[in-house]
Amino acid sequence: MTGSTLDRRRFLLTLTAGALLGLQSPPLRAAGAFGKRRLLLIQLAGGNDGLNTLAPIESGFYRDLRPTLALEPGAALGVGNGFALHPELAPLMPAWHGGELALLPGVGYPNPNRSHFRSSDIWHTASRADTYLTRGWLSRCFPQLREGREAPIDAVVLDQEPAPCKGGDDRSLVLDRPESFLSRAGAVRPVTAPPRNEAMRQLGQVTRTLHAGEAYLSGLLGESEPERASFGGGPFGRQLSVAARLINAGADLPVFKIGLVGFDTHAGQLERHAQLLRRLALGLADLRASLTASGHWPSTLVLIYSEFGRRMRENGSAGTDHGAASLAMLLGGAVVGGLGSEYPSLSNLDAQGDLRHGVDFRRIYASILEEWFGLDSALLPDGPQPTLDLIRRDAGMIASRP
Amino acid sequence: MARPNSSLFNAWLWMLAILLVTGRAQALEDGEIRHLMDRAGFGPQPADLNRFSGLNRAQAVDLLLREPLGLDPPSPEWVAQGGSDIGRIGGLTRSERAAMQGAFARLVTIPRLQQLRAWWMLRMVQGSNPLQERMALFWHDHFAVKAAKVVDARLLWRYLALLRSNALGSFRDLLRGMAQDPAMLKFLDNHRNTRKQPNENWGRELLELFTLGEGNYSEADVLAVARSFTGWGFDADSGRFRINLWQHDDQEKAFLGRTGHFGGLEIVQILLAQPRTAVFLVEKLWREFVSPDPDAAEVRRIASILRETDYDLRAALRALLLTDAFWAADQRGTLVKSPIELVIGTVHRLALPLSDGRSLDGLSWRIGQRLLSPPNVAGWPGGTAWLDANALTLRNAALDRIWRGLRNSTQEEDPTISKEARDLDGEEDAEDMENRSAATMGQAGEARFMPDLTLFAALDDPSGHARIKALFLPFPEDFSAESRDTSLSALLEQLIHHPDYNLK
């Protein structure tokens with residue numbers, strides 16, 4: 001391999017990208033500068049059991065249908081009105097008491113689909129259950145979200161699942177580990193010839209996005225240290241750590257995506273679910289601490305979601321099967337904390353015996369677009385949706401639009 | 001300047017006269033050989049320069065079309081063996097059954113699917129009939145099935161055999177075969193399509209994706225097709241197609257303006273009699289081979305040929321590959337190579353002497369496309385959808401791996417299947433998406449198969465290097481060396497890493 005050639009190319013690339021950005025060196029950010037608002041998507045992949053995350057702890061139905069799996073009242077963390085959080089979510093209680101955590105039970109959509117693949121697609125494209133869209137819901141908003149931001153990319157996807165960002169003029173980057181990404185990105189040759197056809201034009205555009213993004217991230221990483229907290233460890237912790245580092249270094253892009261995998265608990269749910277929720281809570285607690293210290297917490301909104309919930313009745317393997325409505329959560333400095341929606345009825349179940357949704361998930365997206373980013377929820381494929389008052393109006397932060 | 005030798009001059013005059021008389025009979029240029037082999041095969045080797053030397057377009061296309069079908073080695077023993085129906089074993093608890101299914105998947109199904117994919121990838125590299133290989137892959141995308149849902153490797157082997165044997169044959173045979181193919185019937189739930197509870201999945205996709213396209217039929221037509229195919233399923237033990245007459249709805253149906261007591265075969269016949277079917281197919285073939293925007297008049301002309309020859313695919317392909325649009329200079333490099341094409345094409349061009357295709361399967365999987373794992377029944381979207389920032393880095397890294405040499409990798413577990421055995425709906429589990437990136441490329445200590453640069457030895461001089469550039473890139477004039485190293489090895493490495501190498 002031509003090592004010296006690679007180094008030379010990287011050097012030239014960085015200069016070129018820098019020239020493209022109109023900069024001679026990576027941007028420096030003053031400590032405590034807030035920057036514009038950002039959204040962190042945290043996907044709990046596999047179908048998180050909302051019933052045991054936020055449990056109707058005093059309900060007889062709950063205990064009858066889950067003889068093995070129902071949470072113990074003593075251990076669970078009461079949040080009022082007969083509901084309690086899973087004990088492993090204890091690291092999130094400071095946020096709960098500080099009014100920064102919103103719990104949204106009963107989130108779903110009409111004609112729920114119980115296939116991981118299909119339901120994730122529905123959540124990621126904000127489509128109806130009977131419509132097949134390919135464009136991610138956030139991809140539709142990037143042109144507006146880009147305004148006034150200096151980052152040459154729109155999203156950093158750390159969990160290998162970029163669906164909400166894909167499509168259109170896609171400027172999202174998928175990273176696993178920053179170092180390997182940067183070296184791989186640096187090895188992609190630039191497109192220098194003018195395009196002779198549409199395919200070449202797209203190839204050139206994507207390559208430029210890649211290199212500009214690489215230079216931008218490389219600058220941010222170069223002037224920052226890796227986060228010292230563990231963020232719960234494991235791949236999830238690593239993703240959070242990278243996101244925190246980039247945010248704290250001043251990454252001025254609107255979307256980050258992170259994923260925690262393993263929620264498809266058909267068997268042996270108690271142990272597995274507990275481990276996952278522990279990871280989630282520790283990670284989010286460290287994230288909150290890190291971004292609060294750097295002053296970026298007020299401008300950060302975290303949406304935690306899953307493609308569906310699980311069935312009320314436990315199965316014969318001490319687990320649960322795919323259900324319908326589930327729990328979404330919002331965490332952030334500007335969130336209206338508390339129970340943000342009505343807990344679905346435990347007796348009035350749907351034809352398959354699953355919880356009926358009370359809140360269409362697209363209303364959460366609409367709330368994020370309108371209340372958080374100051375955009376019009378008409379950007380969603382099915383048009384505007386009524387919002388849910390999830391963000392404090394007195395948050396007084398710089399919105400992404402004037 | 002010396003006066004031209006008169007006999008030599010006469011010879012040139014005669015050649016010119018012959019050329020003029022025979023019209024557009026010019027021999028293919030190097031770039032046109034690359035274009036043809038990139039589009040109708042998986043890319044040229046230097047030997048193709050000789051093979052097509054002096055041939056014009058029609059002769060070159062005929063050479064490809066006249067190639068006999070590749071002689072496939074006999075199928076593995078297990079294809080003909082009985083199935084396992086763990087579902088029918090009584091007296092098991094749910095978790096015992098799940099454990100048995102998991103074990104069967106790990107020990108039997110996964111290795112068989114590995115074997116199938118590896119076999120197929122290697123055939124694409126080494127097969128003697130590249131157009132047949134291209135078309136088998138095209139038909140897999142058209143009649144897409146997912147291994148994670150079909151699971152039974154015997155069914156998938158036979159599905160593949162159906163695609164390969166009919167790839168260049170008659171679409172009539174292919175469609176009839178597909179309507180009775182157990183892998184397809186299982187994938188689209190037709191084995192659960194019964195008189196009392198019709199299941200429209202196969203019926204809908206047959207009309208929407210396989211023959212007419214959306215907007216050319218009604219919902220009532222979909223139900224009519226579903227009813228006509230009730231009872232069409234397969235025997236789990238033999239894996240063979242079988243019609244369960246008790247489940248079959250033999251009442252009258254109304255379909256596309258006709259009525260009758262239709263069964264599946266009658267539906268297929270009616271669909272093949274629709275002019276729209278041939279147009280739909282030719283449009284799709286146009287997008288695959290020619291350009292993203294089919295020429296309506298040419299499509300109609302070629303669709304007529306397809307119908308008049310009773311759906312002879314060779315005839316349609318000949319017409320398609322000889323359109324002016326296919327050879328137009330502004331159609332070079334307008335299509336994007338899929339991940340499979342990129343991997344197969346590069347390994348083929350550089351003639352890595354692999355004897356097992358498992359590493360090829362792992363590579364294409366890593367960069368975004370795996371045989372028998374399309375995103376859904378609509379196949380792969382393709383085109384510029386293959387190009388995003390992440391894809392570019394992965395493709396580039398895959399080309400690095402190929403250049404450094406590949407191993408026949410050892411067995412690797414396919415996590416999608418072990419999950420599927422437990423998962424009720426048979427879809428890829430979210431965890432598998434994480435595991436996907438952990439696919440291994442082989443173990444240390446195994447032999448590495450390197451690019452065979454001796455193939456290019458005869459072209460290792462300045463004018464030969466120019467020909468090599470034309471063999472790799474649609475626009476060789478855009479290539480400039482990245483360093484002062486003018487060796488053949490440096491040239492080849494730079495060519496496969498050139499951005500335009502993603503295009504064909």
Side-chain angles (χ1 to χ4, degrees), chain A residues 1-2 4-5 8-9 43 45-47 114-118 120 132 134 153 157 159-162 166 170-176 181 184-185 187-193 196-200 202-204 206-207 209-210 213 235 259 261-264 266-267 307 315-318 321-322, chain B residues 93-95 98 291-292 330-336 375-376 378 381 383-385 387-397 400 403-404 419 422-437 474-475 477-480 482-483 485 490 493-494 497-500 502-504:
Chain A
M1 281 293 272
T2 47
S4 60
T5 317
R8 189 179 75 126
R9 183 170 43 248
Q43 179 181 2
R114 292 163 177 81
S115 148
H116 293 295
F117 208 75
R118 181 68 194 122
S120 299
Y132 290 76
T134 49
I153 51 177
V157 174
D159 68 343
Q160 309 296 311
E161 180 45 272
K166 276 203 74 101
D170 181 6
R171 297 188 339 167
S172 52
L173 287 187
V174 178
L175 319 186
D176 37 22
F181 169 78
R184 281 205 317 262
V188 173
R189 274 53 168 184
V191 173
T192 49
R196 297 159 192 270
N197 57 56
E198 178 58 25
M200 291 183 80
Q202 292 235 18
L203 185 60
V206 171
T207 310
T209 300
L210 175 67
V261 171
F263 283 86
D264 194 24
H266 286 286
E307 66 263 38
N315 64 30
S317 311
D321 299 323
H322 301 179
Chain B
T93 67
R94 202 195 135 90
S95 52
S291 80
D330 65 0
Q331 283 304 323
R332 302 295 146 78
T334 54
L335 298 179
V336 181
N376 53 53
T384 48
L387 298 176
D388 60 59
N390 195 49
L392 283 188
T393 60
L394 293 173
R395 286 162 87 109
N396 202 63
D400 280 343
W403 180 253
R404 288 198 299 265
K419 290 285 182 177
R422 292 197 298 274
D423 208 0
L424 293 174
D425 65 7
E427 296 281 346
E428 187 183 21
D429 191 276
E431 237 179 71
D432 309 325
M433 296 185 225
E434 188 184 63
N435 288 333
R436 205 196 306 159
S437 59
F475 304 103
E477 59 272 33
D478 287 349
F479 174 84
S480 53
E482 291 170 4
S483 71
D485 184 348
E493 187 186 2
Q494 290 171 28
H497 284 85
H498 193 277
D500 292 353
N502 285 294
L503 306 173
K504 53 175 178 164

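Here is the naming used below: chain letters follow the sequence lines, and residue numbers restart at 1 for every chain.
- Among all heavy-atom pairs drawn from Thr384(B) and Ala199(A), the shortest one is CG2-CA, 4.3 Å.
- Of the listed residues (Ser480(B), Gly383(B), Pro375(B), Pro474(B)), the greatest number of heavy-atom pairs within a distance under 4.5 Å of chain A belongs to Pro375(B).
- Among Arg171(A), Gln43(A), Met200(A), the residue making the largest number of heavy-atom pairs under 4.5 Å with chain B is Met200(A).
- Of the two parts of Asn502(B), only the side chain, counted from C-beta on, holds a non-hydrogen atom closer than 4.5 Å to a non-hydrogen atom of chain A.
- Listed options Leu203(A), Asn315(A), Leu173(A), Thr209(A) were ranked by heavy-atom pairs under 4.5 angstrom with chain B; first place goes to Leu203(A).
- When each of Asp159(A), Val174(A), Thr134(A) is scored by its heavy-atom pairs under 4.5 Å with chain B, the top score falls to Val174(A).
- For Gln331(B), no part lies near chain A; criterion is any non-hydrogen pair under 4.5 Å.
- Heavy-atom distances place the side chain of Leu503(B), and not its backbone, under 4.5 Å from chain A.
- Using a 4.5 Å heavy-atom cutoff, the side chains of Val336(B) and Gln202(A) are not in contact.
- Within the 4.5 Å cutoff, no side-chain heavy atoms of Asp330(B) are placed close to those of Arg196(A).
- For Ser172(A), the part lying under 4.5 angstrom from a heavy atom of chain B is the backbone only.
- Under the side chain to side chain contact (heavy atoms under 4.5 Å, CB included) rule, Arg189(A) has a single partner from Leu392(B), Asn396(B), Asp500(B), which is Asn396(B).
- Leu387(B) CG to Leu210(A) CG: the interatomic distance, rounded to the nearest 0.5 Å, is 12.0 Å.
- The CG atom of Asn390(B) sits 6.5 Å away from the CD atom of Gln160(A) when rounded to the nearest 0.5 Å.
- Note: Asp388(B) leads Asp388(B), Thr93(B), Leu335(B), Leu394(B) in heavy-atom pairs under 4.5 Å with chain A.
- For Arg332(B), the part lying under 4.5 angstrom from a heavy atom of chain A is the backbone only.
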